[in-house]
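Chain A is the first sequence line, chain B the second, and so forth, proteins listed ahead of strands; every chain is numbered from 1. Hydrogens, waters and symmetry mates are skipped; everything else that's a heavy atom, side chains included, is used. Please read these numbers as outputs of a predicted model, since none were measured by experiment.
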Amino acid sequence: MVSKDLTRSTVFRLNAVPPYNFALTVHKPAGWSLLTPFEIFAKGTLWTAMRTSSGEMFGLKLRSAGTVERPKISCKVFSQEELGASEKREVSKTLAWMLNLKEDITGFYALAKRDPLVRVLVKDLYGMRSTRQPDIFSRLILAVSLQMAPIARSNQMMTLLIKEYGDSVMFDGKDILYWPPPERIADAEVEELRKRCKLGYRAKPLKSIAESIRDGFPSLQKLDGISAEEAKAKLMELEGIGEYSADIVTPHAGFALDVWSAKIFSMLLLRRETESPRDMIPKLKKLAEQRWGRWRGYVFVYVLHDLDNLSRRFNLNLTQA
DNA sequence: GCGTCCAGGTCTACC
DNA sequence: GGTAGACCTGGACGC
């Protein structure tokens, strides 16, 4: 763990395309973190940390300074050195991209007129936006940790990786732990990673992925600039990254069905439980594409954050999937 | 306690 | 091109 004291700060505001619900977007109902599992959300304010593709660490204090229909985000960015004008522009641009401030999702909301499931989702989570990570390595760690493991074990691996190899940034009276930089994992021995972080067979692909990023694998912002198919194919060139993991990592909204989510979408799309969810994944993906088209990624995110309400509305037991 | 099973995929060898 | 089997580890479960 490497600690950094971030004593310099700069403040600015960002506008978003409405509707934009800041709290639902940065602190989603299912408890998924925005940037790191160790971030803090209290009384509408988020303290978190970010590493840009150049490797620099920042502390972030974000809160809403507007409403869902007239959204404004107040951003206080903490850094080790004073930010120049161009750096400030770059951080501001990264934040806007990460928070999806400019995305127009009226097409998704228009689906509610003819799709009863989307109608419920939009009513329950109006203004929630899917977000993106500026740090590709943290997404890849998540994807690899989720493979072939119950969620508690995935969390154990990720927590150990952060505590053993990550960064700690101190700012605004908070101490936020953040994912390791790829160079640190690339320099570690596979056996050391396996033992210290209980990674099992995942240690080898994770080190290989870290080496690829260190050696110039494109950033998520760059992958966002090419087609969804090309970005996915590029991600699948990495060792240990298959279709599911690429769907989790890609900045293009993916439909990352795994065994757990396949059970949920089987009940929602087919109204029945499936005995072999893994075998159903291709069929469910096809059905989702036919029904929701380019907005299927948004349906995916909204569904997984609305399981309690959906279970009640449609009389299904989705939380036990 | 102790043994067994298996999980929120991926890769490879084999047909 | 499709498919069975191996892969780390630790929590859950049965005894």
What is the separation between atom [atom1] on [X] and atom [atom2] on [N], rounded to the nearest whole Å?
{"X": "A:Ile151", "N": "B:dG9", "atom1": "CD1", "atom2": "C1'", "answer": "14 Å"}
{"X": "A:Leu199", "N": "C:dT9", "atom1": "CG", "atom2": "P", "answer": "9 Å"}
{"X": "A:Lys263", "N": "B:dA7", "atom1": "NZ", "atom2": "C1'", "answer": "9 Å"}
{"X": "A:Lys204", "N": "C:dC8", "atom1": "NZ", "atom2": "P", "answer": "10 Å"}
{"X": "A:Met157", "N": "B:dG8", "atom1": "CE", "atom2": "C1'", "answer": "11 Å"}
{"X": "A:Met148", "N": "C:dG5", "atom1": "CE", "atom2": "P", "answer": "14 Å"}
{"X": "A:Arg278", "N": "B:dC11", "atom1": "CZ", "atom2": "C1'", "answer": "13 Å"}
{"X": "A:Tyr201", "N": "C:dG5", "atom1": "OH", "atom2": "C1'", "answer": "13 Å"}

Looking at A:Tyr298, A:Trp295, A:Tyr126, which one forms a ring-ring contact (aromatic ring centres under 6.0 Å, His included) with A:Tyr109?
A:Tyr126
Base, sugar-phosphate, or nothing for [X], non-hydrogen atoms under 4.0 angstrom?
{"X": "A:Leu257", "answer": "nothing"}
{"X": "A:Arg202", "answer": "base"}
{"X": "A:Ser245", "answer": "sugar-phosphate"}

[X] side-chain proximity, nearest of [options]:
{"X": "A:Leu146", "options": "B:dG8, C:dG11, C:dC8", "result": "B:dG8"}
{"X": "A:Arg153", "options": "C:dG11, C:dT9, B:dG9", "result": "C:dT9"}
{"X": "A:Arg194", "options": "B:dG8, C:dG11, C:dC8", "result": "C:dC8"}
{"X": "A:Lys198", "options": "C:dT9, B:dT10, B:dG8", "result": "C:dT9"}

Shortest non-hydrogen contact from A:Phe255 to A:Leu284?
CE2-O, 4.5 Å
Quick one: pull up CD1 in A:Ile281 and CD in A:Glu243 and give me the separation to the nearest 0.5 Å.
9.0 Å
Rounded to the nearest 0.5 Å, how far does CZ of A:Arg119 lie from NZ of A:Lys113?
11.0 Å
Between A:Tyr165 and A:Glu192, does any side-chain donor sit less than 3.5 Å from a side-chain acceptor?
yes
Ring geometry between A:Phe41 and A:His27 (parallel below 30°, tilted from 30 to 60°, perpendicular above 60°)
parallel
Who pairs with A:Phe38 by ring pair (Phe, Tyr, Trp, His ring centres under 6.0 Å), at least two apart in sequence or on another chain?
none
For B:dG8 versus C:dG2, give the span between their C1' atoms, rounded off to a whole number of Å.
24 Å
Taking the P atom of each, how far is B:dA13 from C:dC8, in whole Å?
15 Å
Measure centre to centre between the rings of A:Phe171 and A:Phe58, then say whether the value is under 6.0 Å.
no
When you match A:Ser154 and A:Glu239 each to their closest nucleotide on DNA chain B, which lands nearer the 5' end?
A:Ser154
All stems that DNA chain C takes part in, i.e. 3 or more consecutive Watson-Crick or G-U pairs with distances under 3.5 Å, are B:1-7 with C:9-15, B:9-15 with C:1-7
